[in-house]
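Please read all numbers here as calculations on a predicted model, not as lab measurements. Each chain gets a letter, A, B and so on, in the order its sequence line appears, and its residues count up from 1.
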Protein chains: 2
Amino acid sequence: MPKVSEEHREARRRQILDAAWVCFARNGFHKTSMPDVFAEAGLSAGAVYRYFPGKEALITAIAETSMRQLVEILDAHLRAPDLPPPEELLPELMEDLTALGGSAPAPMAPQVWSEMMRDPRIAGAVAGTLGDIQQRLAEMCRRYQAAGVLAPGLDPGDTARVLVALIQGWIIQWNTMGLAAHQQITAGVRGLLTRAPRSATHG
Amino acid sequence: MPKVSEEHREARRRQILDAAWVCFARNGFHKTSMPDVFAEAGLSAGAVYRYFPGKEALITAIAETSMRQLVEILDAHLRAPDLPPPEELLPELMEDLTALGGSAPAPMAPQVWSEMMRDPRIAGAVAGTLGDIQQRLAEMCRRYQAAGVLAPGLDPGDTARVLVALIQGWIIQWNTMGLAAHQQITAGVRGLLTRAPRSATHG
DNA sequence: CATCGTAAAACGAATGTTCTTGCGCGTGGG
DNA sequence: CCCACGCGCAAGAACATTCGTTTTACGATG
C-alpha cells in the first residue's frame, strides 16, 4: 500500500533529476558529487537513494533525456505540414535547442558523447536515441527530395548521418567557442545549402 | 648542477606523457588515477610529480597535443602541390587521423571538447589550436575556389567552420558508433560534395 | 501504524599530493 | 688515479580529503 500518491513519487523523481541536470550542466558528471545533488534537490541522501540506486543511474537517465530532446524537436518539425527550406532547417533546429535551455544548445550533449566511448551503459542508453535522430533526419531528406529541393541521387540515410555529424560539431562549437562560432556556422551552412544540389538543377 | 643530461629529462617527460596518453585514451581523464599513470610509465609518484605539478598539467598537455595532431595533418596537405578533389579531402583527413592511432581517429578529441566547457585552462590551451585548424581549412577553401572547384561566393572562414563542425561530429560518430557510421558518413559526404556548388557550374 | 523523509554519522575505498628515505653517480680532495 | 663524499633523482609509504554509499535514530504524515 503506497503511502504517498503516485504523482508525488513521480514529482520527487523529477525533482531529483532536475537537480542532477543542473549540477551536471554546471560541473559535469564527474566533478559533481552526490552531496551536490542532495543540496541542489533540497533532499537528504536517504531520499535520493530511495529513488535511484546510485550516481550512475542518474547519469544514464540524464544522458538519455538530453538526447531525446533533439528527437522531440525533430518530431515537432516532422508533424508540421511542411519543412523550412533546407538551408534554414539546421539553423532552426539549433534555435529550438537553444530555446530549451540557456544561452547555448544542449550543454549536456558533449559530455554524453564523450562518456559513450568509455561507459557501455551510457552508450547503450544513448545509441538508440541517436539512431532515432538519424532516422528523423533521413525522413526529412526524403521529403526534400520529394519536394524537388534535394538531389534525388543522395542516399537519405547517408546524408542524415552527415547532418547528425554537422549538428554534433555545431553544438560543440557553440558550447566551447561561443556565439560568434555559432553565427559563423550559420552563415556557412546557409551559403553552402542555398547553392546545394537540388533536383530542379541537377535532377 | 644537473645530474642527468637534458636529453634524459626530456625523455622522462615524454615517457610520462606517453603513459598518460595511453591511460587517458583507455579510461578517460577522470577515470584515470595518478597511480594508473605511475604504473603505465613504470615510474614512482615522486618521479612523475618532479616533472609535472599535477594531474591537470598532464591533461592540458595531452589535450593540446591531441588537437595539434590535426593541425599537422592539415599542414602536410597544404604543403603538397595540390589538394585532393573536395569530396575526397575529408575522407583523406580521417584516414590520416586513423593512421596515427588505433582503429578510430582522435580518441582523445571528444573528451577534450567536453572538458573545454568546464575547464578554462583546457579551453584556453585548445581554443587557439582549433582556430589554427579552421584557418588551415579556410586556406584550403581558397585554393579550391582559385581552382574553380568551389563556388567563389562562399566565405572561406564560414565554410571552414562548417568543415570543423563536420570533422568533429565525424570523429565522435566514428568513436561512439563504430566503423559502419564512418563509412556512411564517407558515402554521404562524397555524395554531397560531388554535387557541390562549384565555380564552373555556378560561377 | 506503516511509510516517507531528515539529519547525521560512519563506512571503506580511492583520490591527488607530499614526505621521508635511500640509492647511485658525478666530483673534488688525496 | 682513487675514493669517499654529497647531491640530485627516484621510490614508495603515508598524508589528508573526498568520494559514493549505507546506516543510525528520530520526527512527520498519510
Side-chain angles (χ1 to χ4, degrees), chain A residues 1-24 26-63 111 115 118-122 125, chain B residues 1-24 26-63 111 115 118-122 125:
Chain A
M1 178 165 304
K3 301 308 168 191
V4 296
S5 69
E6 188 57 36
E7 301 107 32
H8 185 215
R9 290 192 60 88
E10 193 55 33
R12 279 265 189 265
R13 269 188 64 97
R14 283 278 170 76
Q15 176 182 358
I16 294 168
L17 284 175
D18 288 350
W21 183 283
V22 170
C23 292
F24 291 158
R26 182 170 47 211
N27 294 117
F29 294 147
H30 297 291
K31 287 178 186 166
T32 293
S33 67
M34 291 299 277
D36 290 340
V37 178
F38 307 152
E40 181 68 34
L43 291 174
S44 65
V48 171
Y49 275 95
R50 184 181 300 274
Y51 289 89
F52 292 91
K55 186 181 186 180
E56 190 168 293
L58 286 177
I59 293 179
T60 58
I62 293 288
Q111 55 176 325
E115 219 58 32
R118 257 152 301 266
D119 193 325
R121 292 198 249 207
I122 295 184
Chain B
M1 179 155 310
K3 297 300 175 185
V4 296
S5 67
E6 186 58 35
E7 302 108 29
H8 184 216
R9 292 192 58 89
E10 191 56 33
R12 278 263 187 268
R13 269 188 63 96
R14 282 279 168 78
Q15 177 182 358
I16 295 167
L17 284 175
D18 288 349
W21 182 282
V22 171
C23 292
F24 291 158
R26 182 168 47 210
N27 294 117
F29 293 148
H30 297 292
K31 288 178 186 167
T32 294
S33 68
M34 292 298 277
D36 290 340
V37 179
F38 306 154
E40 181 68 33
L43 291 175
S44 66
V48 172
Y49 275 94
R50 181 178 299 277
Y51 290 89
F52 292 92
K55 186 181 186 180
E56 189 168 295
L58 286 177
I59 293 179
T60 58
I62 294 289
Q111 51 177 331
E115 218 61 30
R118 260 151 225 103
D119 193 325
R121 291 198 249 206
I122 296 183

Verify the contact: side-chain N or O of B:Tyr51 to OP1 or OP2 of D:dC9, cut-off strictly under 4.0 Å; return yes or no.
-> no
A:Asn27 CG to D:dC19 C1', in whole Å, measures 15 Å
OG1 (B:Thr32) and CH2 (B:Trp21) are apart, to the nearest 0.5 Å, by 13.0 Å
note: A:Gln15, atom CD; C:dC4, atom P; distance rounded to Å ~ 16 Å
Per-residue pairing states of DNA chain C in dot-bracket (Watson-Crick or G-U under 3.5 Å; . unpaired, | other strand) read |||.||||||.|||||||||||||||||||
note: B:Tyr49, atom OH; C:dT15, atom P; distance rounded to Å ~ 11 Å
Salt bridge (Lys or Arg N to Asp or Glu O under 4.0 Å) pairs touching residues 39-63 of chain A, sequence neighbours excluded, are A:Arg26-A:Glu40, A:Glu56-A:Arg121
Here the distance between atom P of D:dG20 and atom CZ of A:Phe52, to the nearest Å, is 16 Å
Expected list for residues 36-44 of chain A near DNA chain D, using heavy atoms below 4.0 Å, is A:Phe38
I'd like a list of close polar pairs between nucleotides 8-12 of chain C and the protein, N/O only, cut-off under 3.5 Å.
none

Salt bridge (Lys or Arg N to Asp or Glu O under 4.0 Å) pairs touching residues 13-23 of chain B, sequence neighbours excluded, are none
Answer yes or no: does a side-chain N or O of B:Arg9 lie under 4.0 Å from OP1 or OP2 of D:dG8?
no
Taken to the nearest whole Å, CZ/A:Phe29 to P/D:dC19 is 17 Å
What residues 53-62 of chain B contributes to the DNA chain C interface at heavy-atom separation below 4.0 Å is B:Gly54, B:Lys55
A:Met34 CE to D:dT21 P, in whole Å, measures 5 Å
| said: For a quick test of reading the model: is some side-chain N or O of B:Arg12 closer than 4.0 Å to OP1 or OP2 of D:dA10? | reply: yes
